[in-house]
Amino acid sequence: MCGRYLFQTPAEELIGEFDLASLPDDLSPQYNVAPSHLVAVVGNKPHGLGRGLVRMRWGFVPRWATDPNAGPRPINAKSETAATNPAFRDSFHTRRCLIPATGFYEWHTTPAGKVPQLFRPTAGTPLAFAGLWDVWNPNGESPLFTCTILTVPANGTTAFCHHRMPAILPRGDYAAWLDAKTPLAEVQALLRTSPDDLLTATALSGTVNSVRNAGPDCLTPAA
DNA sequence: CCAGACGTTGTT
DNA sequence: GTCTGG
DNA sequence: CCAGACGTTGTT
DNA sequence: GTCTGG
């Protein structure tokens, strides 16, 4: 997957699946989410507080990092290796999450240049990306919550842009994904390439190319 | 045993 | 945190 | 992901 | 070209 995704609506349908005590009050639509931006995440909260919606920065920092400003902040993690990769293993076991989105962008490289493409669910319902999160808080100061989106091989609809795509979970898999008690083999099996008919591609104007453009015009189709 | 290192994906 | 090296 | 910036030596 | 910032 690329470094940009659409979080157009709060995905209240998605969130409504869960019994949430409170919701952040700033879940306005985002049309051009970039790394380091705050995104909403549904996950098992730290300290055993159960499920909830948490605002996190997109770009993963493991809890053992000595300096969160040094080193990479990966926005994606390969689903095939996340369970054993040192950077993600611990979160794969105990800190899985869902990242709601109404679609995502990929850039199609053509001889004429790069054309942004919008991938949205054909059915129009919000998507839930499978993600991992962590919290960096070695000094007991303000904790840094971060997350990353897992990727899987592209399907027939997305492959013309990229060979990877986000891991998208069907509604029926949300609970098992978030449940820390789900056996690891079952967790791993949830990360699959989506059917070709899940998403529909639309070529866009270049508005989305700049993160300075963060409004609905990011969705404007190509002329 | 302790000390110390350890972070990504996806491009071309 | 977990793993490696000494 | 894309857009946009990206300058030195030698001095105190 | 490469790196940073958004």
Side-chain angles (χ1 to χ4, degrees), chain A residues 1-8 30-39 44 46-48 55-96 99 101 103-119 129-139 143-154 158-167 180 184 191 193 201-215 217-220 222:
Chain A
M1 181 193 173
C2 315
R4 223 65 81 67
Y5 80 97
L6 167 66
F7 177 48
Q8 187 186 356
Q30 298 181 77
Y31 293 90
N32 205 347
V33 178
S36 83
H37 282 187
L38 284 165
V39 298
N44 35 348
H47 315 307
R55 298 280 278 181
M56 301 190 185
R57 291 191 181 276
W58 187 24
F60 187 90
V61 177
R63 59 184 51 220
W64 44 260
T66 51
D67 180 1
N69 294 318
R73 289 161 82 113
I75 59 175
N76 295 129
K78 291 187 71 172
S79 61
E80 297 91 334
T81 56
T84 52
N85 186 312
F88 301 123
R89 174 181 43 214
D90 198 38
S91 288
F92 192 92
H93 282 70
T94 61
R95 287 181 293 278
R96 299 184 292 269
I99 300 169
F104 59 93
Y105 307 106
E106 288 182 348
W107 276 262
H108 182 204
T109 299
T110 74
K114 294 187 176 183
V115 179
Q117 298 278 334
L118 170 63
F119 291 91
F129 298 149
L132 305 175
W133 65 274
D134 209 343
V135 55
W136 184 87
N137 194 22
N139 302 325
L144 173 66
F145 287 88
T146 61
C147 63
T148 190
I149 296 173
L150 290 158
T151 65
V152 294
T158 62
F160 75 98
C161 282
H162 285 286
H163 63 102
R164 307 287 295 177
M165 66 181 291
L184 209 57
L191 301 173
T193 298
T202 305
L204 298 179
S205 76
T207 304
V208 73
N209 290 352
S210 173
V211 292
R212 298 179 61 178
N213 302 323
D217 48 344
C218 287
L219 307 184
T220 302

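Numbered from 1 within each chain, the chains take letters A, B, ... in sequence-line order. Here the structure is a predicted model, which is why all the values come from computation and not from measurement.
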- Message: When you measure from the side chain of A:Ser205 to the backbone of A:Ala222, do you find a donor-acceptor pair of N or O atoms at a distance under 3.5 Å?
- Response: no
- Message: Under 4.0 Å, counting only non-hydrogen atoms across every strand here, what does A:Phe60 touch: a base, just sugar-phosphate, or nothing?
- Response: base
- Message: So A:Asn85, base contact, sugar-phosphate only, or nothing? Heavy-atom distance under 4.0 Å.
- Response: sugar-phosphate
- Specify the separation, in whole Å, of atom CG of A:Asp134 and atom P of B:dT8. 14 Å
Using nucleotides 1-6 of chain E, report all nitrogen or oxygen pairs with the protein that are shorter than 3.5 Å.
unit_1, atom_1, unit_2, atom_2, d
E:dG6, N2, A:Arg4, NE, 3.4
E:dG6, N2, A:Arg4, NH2, 3.3

- Item | B:dC6 pyrimidine/purine six-ring stacking with A:Trp64, under 5.5 Å and 30° | yes
- Considering only the C1' atoms, how many Å lie between E:dC3 and D:dG7, rounded to the nearest integer? 15 Å
- Task: Whole angstrom is fine here: how far is it from OH in A:Tyr31 over to P in D:dC2?
- Result: 22 Å
- Task: Check for a donor-acceptor pair, side chain of A:Asn32 on one end and backbone N or O of A:Ser210 on the other, with a separation under 3.5 Å.
- Result: yes
- Whole-angstrom distance between D:dG10 and B:dC2, as gauged at atom C1': 45 Å
- Could you check whether A:Thr81 gets within reach of a base, just the sugar-phosphate, or nothing at all, counting any heavy atom under 4.0 Å? sugar-phosphate
- Task: Establish, with yes or no, whether the OP1 or OP2 oxygen of D:dC1 is under 4.0 angstrom from a side-chain nitrogen or oxygen of A:Lys114.
- Result: no
- Task: Sticking with atom P, work out how far D:dA5 lies from B:dA5, rounded to a whole angstrom.
- Result: 37 Å
- Query: So, does A:His37 use its side chain to make a donor-acceptor pair with the main chain of A:Ala34 at under 3.5 Å?
  - Reply: yes
- Plane angle bin for A:His108 and A:Phe160 - parallel if under 30°, tilted between 30 and 60°, otherwise perpendicular: perpendicular
- Task: May I ask you to verify if any side-chain N or O of A:Thr151 is less than 4.0 angstrom from the OP1 or OP2 atom of B:dG10?
- Result: yes
- Query: Just checking A:Ala65: base, sugar-phosphate only, or nothing, at a heavy-atom cut-off of under 4.0 Å?
  - Reply: base
- Round to a whole Å and report the spacing from CH2 of A:Trp58 to P of D:dC1. 11 Å
- Query: Does any N or O in the side chain of A:His163 come within less than 3.5 Å of the main-chain N or O of A:Ala159, such that one atom is a donor and the other an acceptor?
  - Reply: no
- Query: Quantified in whole Å, what is the P atom distance between nucleotide B:dT12 and nucleotide D:dC1?
  - Reply: 8 Å
- Please give, in whole Å, the distance from D:dC1 P to A:Leu118 CG? 18 Å
- Item | Backbone N/O of A:Ser91 and side chain of A:Thr94: donor-acceptor pair under 3.5 Å | no
- Could you tell me whether A:Val61 contacts a base, only the sugar-phosphate backbone, or nothing, with contacts defined as non-hydrogen atoms closer than 4.0 Å? base
- Specify the separation, in whole Å, of atom CD1 of A:Ile149 and atom P of D:dC1. 14 Å
- Query: Is there a donor-acceptor contact under 3.5 Å from the side chain of A:Arg57 to the main chain of A:Ser36?
  - Reply: yes
- Item | Length of the line joining A:Glu106:CD and D:dC2:C1', which is rounded to integer Å | 14 Å
- Item | Interatomic distance, A:Tyr105 OH vs D:dA3 P [rounded to whole Å] | 14 Å
- Query: A:Trp107 side chain: which of B:dT12, B:dT8, D:dC1 is closest?
  - Reply: D:dC1
- Task: Quick one: do A:Phe60 and A:Phe88 satisfy ring pair (Phe, Tyr, Trp, His ring centres under 6.0 Å)? Show the steps, please.
- Result: CA-CA 9 Å; A:Phe60 187 90; A:Phe88 301 123; 5.1 Å; yes
- Query: Once you round it to whole Å, what is the distance between C1' of B:dG10 and CD of A:Glu80?
  - Reply: 13 Å
- Base, sugar-phosphate, or nothing: which does A:Asp67 touch, judged by heavy atoms less than 4.0 Å apart? base
- Task: Among D:dC2, B:dT12, B:dG10, find the nucleotide with the atom closest to the side chain of A:His163.
- Result: B:dG10
- Query: Do the side chain of A:Asn213 and the main chain of A:Val208 share a donor and acceptor less than 3.5 angstrom apart?
  - Reply: no
- Would you write the dot-bracket representation of DNA chain B, where each base gets (, ), [, ], | or . depending on whether it forms a Watson-Crick or G-U pair under 3.5 Å and with which partner? ||||||......
- Query: Is any side-chain N of the basic residue among A:Lys114 and A:Glu106 closer than 4.0 Å to the acidic one's carboxylate O?
  - Reply: no
- Would you find a donor on one side and an acceptor on the other, under 3.5 Å apart, between the side chain of A:Thr193 and the backbone of A:Pro153? yes
